[in-house]
Amino acid sequence: MTENKKPVVRFAPSPTGYLHIGGARTALFNWLFAKATGGTFLLRIEDTDRERSTPEAVEAILNGMAWMGLDWDGQTVYQFARAGRHRAVAQQLLAEGKAYRCFATPAELDEMRAAQKAAGKPMKYDGRWRDRDPAEGGDKPYVVRIKGRDTGTTVVNDVVLGDVVFQNDQLDDMILLRSDGTPTYMLAVVVDDHDMGVTHVIRGADHLNNAARQLQIIEAMGWPVPVYAHVPLIHGPDGAKLSKRHGALAVEAYREMGYLPETMRNYLLRLGWSHGDDEIISTAQAIQWFNLENIGKSPARMDFKKLDNLNGHYIRETADYTLTAEIVALLARQTPPHVLTEPARERLTKAMPGLKERAKTLVELSSAADFLYTDGPRALDAAAEKVLTPDARSTLARTLPVLEATDWSSQALETAARSFAEANGLKLGGVAQPLRAAITGKTTSPPLFEVMALLGREESLIRLRAFAG
RNA sequence: GGUCCCAUCGUCUAGCGGUUAGGACGCGGCCCUCUCAAGGCUGAAACCCGGGUUCGAUUCCCGGUGGGACCGCCA
């Protein structure tokens, strides 16, 4: 009697490619909804297309989910393994007269569609075998089609879009079983969602039209109808469909670009869902707040500037040693791999408070910190090259003896630099910028004197002497 | 072409009949400052168009326009 009324949701990607940003958001919404309601989040791999499904894609999806921090309940369901069950449902429908055999060949159907298009008619299966005696087909191959209602309407009650009404005569009799006896996606989703006890179907809006068709099967089987929530799609920065042209669509590509999983969760959540004016929303907070009602109805575009800004925020919130570990891992993945010495790691961690304040991505953080994990005179970047004019180099040369005579602490170095600047009628910047260029090879860095103190007297002087002229 | 969905600053969005139309990113200015960030203050920036309904429409209805999705023996 104590029936479990907790929601059951699922993410059901097809393993024909990597986990892209839209799929990741769908997965996130499902995950969040399950967490928020104390429900169950299931993962089902829709691999009924044997031609296009690959183990590599399954791997990529699983890795993407793991990186995003989205874990699911129970075993991963592989849809193709359930083909027998799908077939049985189709047979039952056939036996009950709610489905029928269609002997039309693919070539014949192509011809039909071409003719419809030429005549400016809607392209749909014309039901040519709907009321025909299957005996006429003889022993030729056939597909099994649903015998849908051809009058009245089918209404999809969608939580985000409202009631969406379809005229049944617009819906054609879709294929349940292919001529080789394998189930199609339309049949498989419905059967699996039912068997898995799915109560809420949260998926991309590209499935909205399918919902009406799937409802026909659900109705024919007399099964309960799940709650639908079709989430508007994500477009590229130019408003067009998200495509490979925009690059960096796989969730793993975002990792390679140096974005943090918590950034992705926050960004993706806000792309299409809102909670008043809140922008920075931790995952824990999202679990408290998430609901289906606040999902927006309109499609959204990716905005990398905002993603960067958010990532900067989460980088600043991340512990210094964690960031060091990320950089170490990132450098190890590089070709050729760069392995950091223990002292280098220590310097990195110590400098991290100043470093992370300035970075938008892990990649940026890593390159901005290169002067801490490689020794010797710097290779100047273009801006630093411009700073180190002959004039600047001579200032550098004159500063050198002053620094050499100074106690090597951040405080003392700054004091020395300040009095030197004052004595020479320079601003502190006039002295500091050449120093910074020589020390870091860049024109921007964490506070210079802290950096110098961290690097130590020996290493700092080596770098300074290389450019003192 | 058919069906369906969508429409507030450049972008993400709040708004749920009466608001100086709010926030965030980005952009400009100022402050802070050894650089760059971060932070603070501040400025410019939007209700797609046309009809209704209403005392009153960004908000409700209809039409148009503009985007988008789907129309496979793919999922």
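What you are looking at is a predicted structure, and each value in this text was computed from that prediction instead of being measured. We name chains A, B, ... by the order of the sequence lines, and we start the count at 1 in each one.
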Quick one: is [N] close enough that its OP1 or OP2 comes under 4.0 Å of any side-chain N or O from [X]?
X: A/Lys360; N: B/rA38; value: yes
X: A/Lys297; N: B/rC6; value: yes
X: A/Arg270; N: B/rA24; value: no
X: A/Thr48; N: B/rA75; value: yes

Could you work out which one of [options] sits closest to the side chain of [X]?
X: A/Ser274; options: B/rC34, B/rA75, B/rA14; result: B/rA14
X: A/Leu271; options: B/rC4, B/rC12, B/rC34; result: B/rC12
X: A/His207; options: B/rC4, B/rA24, B/rA75; result: B/rA75
X: A/Pro299; options: B/rU35, B/rU11, B/rC6; result: B/rC6
X: A/Ile175; options: B/rC25, B/rG72, B/rA14; result: B/rG72

Using atom [atom1] of each nucleotide, how far apart are [N] and [M] to the nearest Å?
N: B/rA38; M: B/rC31; atom1: C1'; result: 14 Å
N: B/rC4; M: B/rG50; atom1: P; result: 27 Å
N: B/rC62; M: B/rU54; atom1: C1'; result: 16 Å
N: B/rU8; M: B/rU13; atom1: P; result: 9 Å
N: B/rA46; M: B/rC30; atom1: P; result: 24 Å
N: B/rA57; M: B/rA69; atom1: C1'; result: 31 Å
N: B/rA45; M: B/rC25; atom1: C1'; result: 13 Å

[N] [atom2] sits how many Å from [X] [atom1], rounded?
X: A/Ile280; N: B/rA24; atom1: CD1; atom2: C1'; value: 9 Å
X: A/Glu450; N: B/rA37; atom1: CD; atom2: P; value: 18 Å
X: A/Arg301; N: B/rG10; atom1: CZ; atom2: C1'; value: 9 Å
X: A/Glu357; N: B/rA37; atom1: CD; atom2: P; value: 12 Å
X: A/Arg113; N: B/rG1; atom1: CZ; atom2: P; value: 20 Å
X: A/Asp277; N: B/rA21; atom1: CG; atom2: P; value: 16 Å
X: A/Asn309; N: B/rG23; atom1: CG; atom2: P; value: 16 Å

[X] near the nucleic acid: base, sugar-phosphate alone, or nothing, with a heavy-atom cut-off under 4.0 Å?
X: A/Leu161; answer: sugar-phosphate
X: A/Ala104; answer: base
X: A/Tyr267; answer: nothing
X: A/Ser298; answer: sugar-phosphate
X: A/Pro447; answer: base
X: A/Lys124; answer: nothing
X: A/Glu279; answer: base
X: A/Glu46; answer: sugar-phosphate
X: A/Met174; answer: nothing
X: A/Pro106; answer: base
X: A/Val165; answer: sugar-phosphate
X: A/Thr444; answer: base
X: A/Val164; answer: sugar-phosphate

**Report entry** Qualifying residue for side-chain contact (heavy atoms from CB on, under 4.5 Å) with A/Val58, from A/Asp47, A/Ile45, A/Thr76
**Finding:**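 Of the listed options, the one satisfying the test is A/Ile45.
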
Query raised in the report: Should the pair A/Phe33 and A/His200 be assigned to parallel (<30°), tilted (30 to 60°) or perpendicular (>60°) ring geometry?
Result: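 A/Phe33 and A/His200: tilted rings.
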
Requested in this report: Describe, in one word, how the ring planes of A/Phe304 and A/Tyr259 are oriented to each other, choosing from parallel (under 30°), tilted (30 to 60°) and perpendicular (over 60°).
Outcome: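 Tilted.
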
Query raised in the report: Going by distance alone, is a donor N or O of one side chain under 3.5 Å from an acceptor N or O of the other, for A/Asp391 and A/Thr389?
Result: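 Distance-only check fails for A/Asp391 and A/Thr389.
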
Report task. Indicate whether the side chain of A/Asp150 and that of A/Asn168 have a donor and an acceptor atom separated by less than 3.5 Å. Result ->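 Side chains of A/Asp150 and A/Asn168: no pair found under 3.5 Å.
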
Query raised in the report: Are A/Arg10 and A/Asp192 close enough for a salt bridge, meaning some N to O gap below 4.0 Å?
Result: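 Salt bridge flag = no for A/Asp192 with A/Arg10.
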
Requested in this report: Answer yes when A/Asp172 and A/Arg213 have at least one side-chain N-carboxylate O distance shorter than 4.0 Å, and no when they do not.
Outcome: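 Salt bridge: yes.
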
